[in-house]
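Report on one structure; see the data block that follows.
Lettering follows sequence order; numbering is per chain, from 1.
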Amino acid sequence: MVQLMEYMLLATFFLYLIAAVAFVMGTRGSKEDDKTERMQKWQKIGVGITIAGALLHLGFIILRVLIGGHFPTSNMFEFTAFLCFASVIAFIVIYFLYRSAVLGAFVMPIVVVLLGYAAAFPRDIQPLIPALKSHWLYIHVTTAALGQGAFMVAFVAGFIYLIQRFGQNAKGKQAFWLETIMVLIVMFIGFSGVSLLFEATGYQSVYKHEVDGQLTEQEYELPPIVAPNGGIPEEITPFWGLKEALFEAPAWMIGQKAALTLNSVIWAIITGAILYVMLRLLIRKRMTQLVHPMTKKIDLELLDEITYRAIAIGFPLFTLGALIFAMIWAHEAWGRFWGWDPKETWALITWLFYSAYLHLRLSRGWIGTKSAWLAVGGFVIILINLIVVNLIIAGLHSYA
Amino acid sequence: METGYRQFWEGYVLIENTKCACGHNNPVGTILCEYCGKPLDEAIKNSEQTIENEMRYEGKARRSQTYTTSLFDKTWAFFSSVKVAIVLIVITLIASGIGTIFPQETFVPSSNPEGYYEDEYGLLGKWFYLIGFSDMYNSWWYILLLSMIGVSLVVCSLDRVIPLYKALNNQKVIKNTEFIKRQRISHVEKIVETEKEHKRTALIESLQQKRYNVSVEDDAILAEKGRISRWGPYINHIGLILFLFGVFLRFVPGWYLSETMWLQEEEVKKIPELPYYVKNERSLVEMYEPHELPPGSENQTNFVKEYQTDVTLYQKDDTTGKLTELKKGQILINHPFEYEDLLLYQSDLKAGQLSGLELAVIDKENEQEVGSFSVDLYDIKANQVYHANGLNVKVKSYFPDFELQGNQPITKSQKPNRPAFVIEVTDPKTKRQEVSWVISGMDFENPQDNQYNIQLKDFKLVNTAGLIVRVDRSLSVMLVGGIVSMIGLVMGFYWQHRRVWVRVTNNQIVIGGHTNKNWYSLRRDIQSVAETAGLKIKLVKE
Ligand code: HEM
């Protein structure tokens with residue numbers, strides 16, 4: 001069963017990957033005459049495989065519920081994988097509203113990257129701690145994730161908009177920031193790749209350090225460059241002559257897994273930078289310039305509308321999931337519907353941000369470029385909530 | 001009453017009004033004629049631009065725009081501005097973010113926050129505390145921000161929704177061609193008279209096919225759908241106002257209570273601020289059995305499955321002082337104990353704390369136990385006498401948390417971490433008395449000539465539950481607010497208000513459209529409708 005589940009996840013991953021390739025093909029007509037027909041064929045293949053992937057992903061979720069006895073949104077891997085699922089669902093909905101292959105050509109690769117990122121975290125099923133035993137928890141997390149999935153599609157649509165307008169430039173502020181986003185995506189890839197590589201070799205090192213007066217073990221799945229604050233090496237597998245971490249995490253990083261996160265970030269930066277430099281040597285231009293031709297065939301106004309529509313679809317879901325259901329759950333679990341826990345506060349910040357976006361768009365006429373950047377910014381806030389708040393700032397929600 | 005009301009909301013003054021060419025008298029401040037839609041405002045009349053922005057409130061006069069002289073008018077105008085709302089939202093957003101840089105005071109494990117922030121986070125932490133960010137969400141200015149958002153929500157919505165409601169409820173089918181041509185989407189095409197009827201029916205039919213409500217009058221067509229979308233934001237705002245109102249209701253005495261208390265097993269305590277007593281029947285911690293663990297983590301140990309406390313709630317009779325039972329029940333995480341407005345939650349559970357000792361009196365001579373007695377470490381009165389098989393035992397001094405300071409025995413706290421006693425044993429028959437020390441974890445040398453030794457025989461452990469006592473009577477108000485807000489959001493976002501106006505005259509067709517959002521989709525609609533009528537119109541790229 002567990003083995004079957006892993007295979008299903010792997011198959012889902014490859015289906016998403018193939019769908020991504022098909023969509024990319026769907027944006028590249030070569031000869032003028034057979035262009036539309038050929039493109040439409042690829043586009044159809046793309047959606048078909050995306051739907052197949054989503055179904056398989058659903059199968060994976062169901063199987064995991066059967067094995068683990070609870071809905072899989074209770075640790076970093078489970079939640080991130082579910083966020084991928086939500087993004088794919090949101091994409092399918094938006095696709096059938098606007099039938100844009102270009103959108104798929106960007107959404108699906110990013111989903112693949114995100115799923116790879118999810119898989120880099122420990123994937124074994126954990127028993128539930130009492131605080132997480134509540135139906136409201138699953139309702140809250142899944143609804144919020146569906147909203148975030150729609151926001152992710154909005155982010156991608158905004159990103160395509162910006163690439164079409166500024167991506168061909170080799171200079172300028174807008175082009176610079178777009179390329180920065182590309183670099184960040186490459187870092188995600190680098191991190192996932194290196195994590196899966198080390199996982200395949202069975203790498204592990206252990207540090208011990210004190211958390212709340214208790215000696216706790218921190219298991220490293222990547223060679224430790226940074227040790228926990230006051231950490232004692234327990235069992236270190238040397239890597240390239242590196243027998244001990246180079247430095248310790250600063251004391252103000254109080255998350256339980258702060259050092260592990262920092263270590264991952266450093267690995268992401270290193271591998272991302274190496275990958276990026278190699279890519280640049282290979283393609284001899286900016287990544288935005290590389291993908292720019294793919295975006296040329298889509299109407300800018302359509303992209304602007306997709307961004308807005310996706311946010312419009314996501315906002316009610318996010319409000320319901322991340323605020324209302326969250327409050328109901330918090331009320332049951334802790335006796336207060338709102339506690340200003342960092343995770344809660346960041347959900348509120350996300351919500352306020354998107355509501356500012358909506359008001360700016362509606363009454364200040366912030367459409368086009370400004371709107372697209374806001375959609376990108378909103379998703380960055382979601383990632384901050386997922387990564388930084390979860391792992392570096394300690395709170396009730398911090399995933400084990 | 002009636003005129004005062006109309007003056008307030010519409011700026012409706014009977015003498016000063018704006019007359020349109022169509023003969024309709026409009027209230028002061030009207031931008032587009034209420035009747036035919038023709039632009040009235042000089043600046044708009046003479047420009048070439050579309051009237052997209054004016055269409056948002058159907059060109060109606062709004063109070064905030066019409067009256068701007070008195071202090072009230074100015075305040076009204078201030079709070080009715082969406083720009084101000086956005087600024088308030090953004091300030092709240094940034095402040096909330098700053099508040100999460102370091103933990104808030106409620107999460108800090110220290111009773112001296114001032115020192116804690118400086119020790120833990122250095123200079124930044126010190127300023128975080130001094131500025132008041134460490135308890136930000138309860139600070140007066142944060143609450144003021146929320147109140148201002150509340151006021152803004154009320155004013156802003158009233159300023160717009162009433163004129164909008166009137167305008168949409170009194171729509172005319174026939175609109176001035178100027179009005180149609182100046183829409184963001186519009187198209188004018190010459191036709192010959194013979195085509196007229198055919199094109200008109202084709203337009204009507206295909207609009208109906210796209211599920212528009214179509215009205216026809218003379219040469220004009222009005223097609224409309226999704227009007228409820230326009231009410232969405234206002235219903236959402238009403239929900240938000242209700243929610244904020246619920247939050248502020250908590251400041252009303254008696255509406256909100258939040259207290260914590262520790263309750264040992266078997267203990268009965270009064271609930272703070274309320275006329276109830278609660279007894280802890282038992283508290284327990286349940287662990288996962290190995291076979292209950294999901295595959296892959298069987299080898300890990302110590303996974304807590306459940307924390308549980310069983311309680312009984314009592315009320316005290318004022319005259320007799322007797323406790324009458326009200327309700328028995330259990331508290332689990334995620335499942336509080338409920339009695340009317342009162343909620344009891346379990347926030348902590350301390351397992352296995354020392355609560356009682358059984359001490360044996362040993363005759364030194366033959367090492368035989370003479371008798372034994374039990375003491376409840378939380379309930380020892382001065383000079384209390386226990387009986388151990390005919391001997392009288394008196395606890396003369398009790399040190400729950402014993403320590404020697406210099407040569408003086410002291411107690412560090414009232415918690416029985418290391419209980420110690422001075423015990424006097426009396427034999428009622430011989431009247432012989434002797435005094436000895438009993439100190440846990442230590443073999444104290446008592447006087448040589450003592451006849452008895454006192455030894456630990458057994459101990460009793462109890463669990464202690466940390467309870468949160470809560471009354472929150474405005475929860476239902478907030479819940480209703482949330483539901484209303486959601487209904488509004490769904491109405492506003494999952495519908496779009498689209499309208500298409502057409503005038504078909506003998507020699508031309510004028511067609512124009514408006515939507516409150518998603519213009520591309522409306523364009524696609526109009527394009528496909530126009531194509532069925534054979535109009536040469538190009539609104540969307542393929
Ligand atoms: C933080 C709380 C708020 C939230 C979540 C919120 C939410 C919304 C939403 C979702 C819309 C619809 C946007 C769209 O259709 O694209 C909207 C519209 C609007 N909001 Fe808010 N709002 C908030 C606060 C305020 C405040 C304080 C004001 C008052 C100044 C305000 C005034 C408006 C106005 C005037 C509209 C446009 C209505 C229209 O023209 O159709 N909002 N709001």
Check the pair M478(B), M327(A) against side-chain contact (heavy atoms from CB on, under 4.5 Å), reporting the backbone distance first and the verdict last.
CA-CA 10 Å; M478(B) 288 183 267; M327(A) 288 184 203; over 6 Å; no

Evaluate the criterion side-chain contact (heavy atoms from CB on, under 4.5 Å) for residue pair F493(B) and L358(A); output intermediate values, then yes/no.
CA-CA 11 Å; F493(B) 284 127; L358(A) 291 168; 3.5 Å; yes

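Heavy atoms closer than 4.5 Å to chain A are found in the side chain of L475(B), but not in its backbone. Contact of L348(A) with chain B is made through the side chain alone, with heavy-atom distances under 4.5 Å. Proximity to chain B (any heavy atom under 4.5 Å) is shown, for L317(A), by both the backbone and the side chain. Within the 4.5 angstrom heavy-atom criterion, only side-chain atoms of I324(A), from C-beta onward, approach chain B. Looking at I313(A), both its backbone and its side chain come within 4.5 Å of chain B, counting heavy atoms on both sides. For I94(B), no part sits under 4.5 Å from any heavy atom of chain A, backbone or side chain. Heavy atoms closer than 4.5 Å to chain B are found in the side chain of F337(A), but not in its backbone.
Atoms CG and OG1, from L93(B) and T350(A) in turn, are 8.5 Å apart once rounded to the nearest 0.5 Å. Atoms CD1 and CH2, from I89(B) and W351(A) in turn, are 7.5 Å apart once rounded to the nearest 0.5 Å. Here the CH2-CD1 distance, from W366(A) to I86(B), works out to 8.0 Å after rounding to the nearest 0.5 Å. We find the CG-NE2 distance between L88(B) and H359(A) to be 11.0 Å, quoted to the nearest 0.5 Å.
Most heavy-atom pairs under 4.5 Å with chain A, from the set G99(B), G97(B), P336(B), S521(B): that is S521(B). Each of Q346(B), M486(B), H335(B), R523(B) has some count of heavy-atom pairs under 4.5 Å with chain A, and the biggest count is that of M486(B). The most heavy-atom pairs under 4.5 Å with chain B, out of D304(A), L360(A), L323(A), come from L360(A). Interface remark: of the candidates L320(A), I381(A), I311(A), L320(A) forms the most heavy-atom pairs closer than 4.5 Å to chain B.
No donor-acceptor pair closer than 3.5 Å links the side chain of Y520(B) to the backbone N or O of L303(A).
Taking the side chain as every heavy atom from C-beta outward, R309(A) and Q496(B) approach each other to under 4.5 Å. Side-chain atoms of Y137(B) and T345(A), non-hydrogen and from C-beta on, do get closer than 4.5 Å to each other. For the pair N516(B) and L362(A), the minimum side-chain heavy-atom distance is 4.5 Å or more. You'll find the side chain of I367(A) stays beyond 4.5 Å of the side chain of W519(B), heavy atoms only.
The two residues P316(A) and V490(B) come nearest to each other via the heavy atoms CB-CG2, 4.5 Å. Here the closest non-hydrogen pair linking L489(B) and T319(A) is CD1-OG1, 3.5 Å.
Aromatic ring pairs are classed by plane angle as parallel below 30°, tilted from 30° to 60° and perpendicular above 60°; the pair H331(A) and Y345(B) is perpendicular.
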